[in-house]
Amino acid sequence: MGNQKLLTNIRSLVSCDGSDTVYSDCDLLVDGYQIAKIGKNLPRGDAQVIDASNYIVYPGLVNTHHHFFQTFVRNLITIDYPNLLVVDSLDKIYPIFSQIDSEVIYYSSLVAMADLLKHGCTTAFDHQYCYTKKTGKEAVDRQMEAAALLGIRYHAGRGCNTLEREKGSTIPEEMLETTDEFLLDCERLMKAYHDPNPNSMSQIVVAPCQPINSYQETFEESLAFARKHGLRLHTHLGEGENSIMVERYGKRTLAWAEEIGFVGEDVWFAHGLLGPGLP
């Protein structure tokens with residue numbers, strides 16, 4: 001038997017095509033990672049047949065921003081998240097993050113990915129910026145290990161923080177990297193895991209954490225590196241820090257990103273929250 005699967009008598013198939021077509025009582029032939037045909041009474045051939053008469057079939061969901069390593073530290077009663085700005089909560093949570101090791105990265109990623117799969121997500125992106133003296137540089141490697149075990153399509157955002165606390169960031173010393181070591185590891189990960197081809201199961205994204213916690217040169221050099229190698233870019237944008245950006249640079253975060261060129265079809269942002277007192 002080959003890689004073909006035939007789902008028969010599907011109760012409803014939500015196609016998400018250009019016309020939002022919903023099929024009823026139909027068959028679906030899958031060849032490897034591709035949908036080969038949709039119709040009624042499709043020939044079975046050598047395909048594995050799955051009776052889907054009691055199922056609704058729809059495309060896998062896509063997660064575009066996550067922090068897998070935080071799975072085990074969310075909802076701590078010791079931190080009053082609802083009554084804190086994001087940047088204030090980070091001051092309280094980063095000392096906990098700084099103690100995370102490689103095993104926590106692996107098992108928290110495994111839990112997060114399994115939870116996504118359970119709820120219909122088949123493609124996941126994680127913004128992995130937790131690099132401590134205990135994790136070493138292998139955080140994404142451990143995540144790729146977990147993704148391969150579960151069979152999820154995984155895009156890893158290799159994040160970093162480079163700005164010291166005394167210069168205005170919220171990052172403990174144990175989680176700081178230099179721009180050079182960050183980009184050197186991006187290159188290592190790209191060579192090890194990045195597959196740009198159709199149906200790729202693993203890709204690498206260059207993803208400095210956020211502007212208030214890194215030097216501007218980190219973003220500028222990330223931009224140059226990613227575009228040289230055809231990688232996508234990602235960061236937090238406006239995660240409650242617009243007022244800090246206005247004080248530091250005289251402009252809000254998006255305007256800052258536009259000025260240095262950190263925008264485009266190869267860039268996407270997370271959050272976009274408004275700062276206090278700013279429209």
Side-chain angles (χ1 to χ4, degrees), residues 3 32-33 60 62-71 97-98 100-114 116-117 121-162 174-210 214 217-236 262 264-268 270:
N3 292 322
Y33 292 112
V62 178
N63 173 288
T64 61
H65 184 77
H66 209 307
H67 297 303
F68 293 165
F69 75 88
Q70 295 181 16
T71 300
F97 293 168
S98 68
I100 287 174
D101 63 17
S102 176
E103 289 295 281
V104 172
I105 294 290
Y106 175 73
Y107 286 106
S108 61
S109 297
L110 202 59
V111 169
M113 292 178 188
L116 289 170
L117 285 168
C121 174
T122 57
T123 298
F125 169 81
D126 185 61
H127 195 180
Q128 173 50 259
Y129 64 84
C130 186
Y131 288 87
T132 72
K133 299 190 185 309
K134 294 182 178 182
T135 66
K137 301 299 184 194
E138 62 179 16
V140 167
D141 302 85
R142 299 308 308 272
Q143 292 184 313
M144 287 294 180
E145 185 182 342
L149 179 65
L150 295 175
I152 194 170
R153 176 176 281 113
Y154 179 47
H155 290 205
R158 207 307 187 177
C160 74
N161 295 285
T162 60
E174 298 91 334
M175 292 178 65
L176 286 176
E177 297 180 286
T178 67
T179 300
D180 286 345
E181 67 179 309
F182 161 58
L183 292 178
L184 188 63
D185 200 49
C186 284
E187 185 173 17
R188 178 187 71 83
L189 293 170
M190 175 187 70
K191 291 177 179 178
Y193 301 110
H194 186 70
D195 179 2
N197 297 304
N199 303 316
S200 162
M201 293 299 288
S202 68
Q203 294 196 10
I204 299 298
V205 176
V206 182
C209 186
Q210 61 195 117
S214 287
E217 70 176 34
T218 303
F219 277 77
E220 292 170 338
E221 293 184 27
S222 295
L223 185 67
F225 175 86
R227 289 190 170 154
K228 175 183 177 181
H229 295 288
L231 303 178
R232 294 185 181 275
L233 293 142
H234 179 71
T235 192
H236 297 98
F262 204 90
E265 293 184 359
D266 56 350
V267 183
W268 84 100

_Classify the ring geometry of F219 against F262: parallel below 30°, tilted from 30° to 60°, perpendicular beyond 60°._
perpendicular

*Which one of T122, N63, V62 satisfies the side chain to side chain contact (heavy atoms under 4.5 Å, CB included) criterion with L116?*
N63

*Flag the pair K134 and E174 as a salt bridge only when some basic side-chain nitrogen lies within less than 4.0 angstrom of an acidic carboxylate oxygen.*
no

_Would you compute the distance between atom NE2 of H127 and atom OG1 of T64 and round it to the nearest 0.5 angstrom?_
12.0 Å

*Rounded to the nearest 0.5 Å, how far does CD of E103 lie from OG of S108?*
10.5 Å

*Distance in Å, D266 CG paired with L231 CG, rounded so as to fall on 0.5 Å steps*: 9.5 Å

*Only one of Q143, E145, E138 passes side chain to side chain contact (heavy atoms under 4.5 Å, CB included) with Y106; say which it is.*
E145

*asked:* A side-chain contact here means heavy atoms from C-beta on lying under 4.5 Å apart; do H229 and V206 qualify?
replied: no

_Within this structure, what is the CZ-CD distance for the pair R188 and E181, rounded to the nearest 0.5 Å?_
12.0 Å

*Is any side-chain heavy atom of W268 less than 4.5 Å from a side-chain heavy atom of F125?*
yes

*Under 3.5 Å side-chain donor-acceptor pair for H236 and H234*: no

*Going by heavy atoms in the side chains, are D141 and Y193 under 4.5 Å from each other?*
yes

_Below 30° counts as parallel, above 60° as perpendicular, anything between as tilted: where do the rings of H67 and H65 land?_
perpendicular

_Distance-only side-chain donor-acceptor flag, T218 / T179, under 3.5 Å_ = yes

*State, yes or no, whether a side-chain contact exists between F69 and T132 at a heavy-atom distance under 4.5 Å.*
no

_Validation row: V140, D185 side chains within 4.5 angstrom (heavy atoms)_ = no

*asked:* Would you compute the distance between atom CE of M201 and atom OH of Y154 and round it to the nearest 0.5 angstrom?
replied: 13.0 Å

*Are the side chains of Y107 and T71 in touch, meaning some heavy atoms are under 4.5 Å apart?*
no

*Do E187 and K228 meet the salt-bridge criterion of a basic N to acidic O distance under 4.0 Å?*
no

*Flag the pair D195 and R153 as a salt bridge only when some basic side-chain nitrogen lies within less than 4.0 angstrom of an acidic carboxylate oxygen.*
no

*Looking only at side chains, do Y33 and N3 share a donor and an acceptor under 3.5 Å apart?*
no

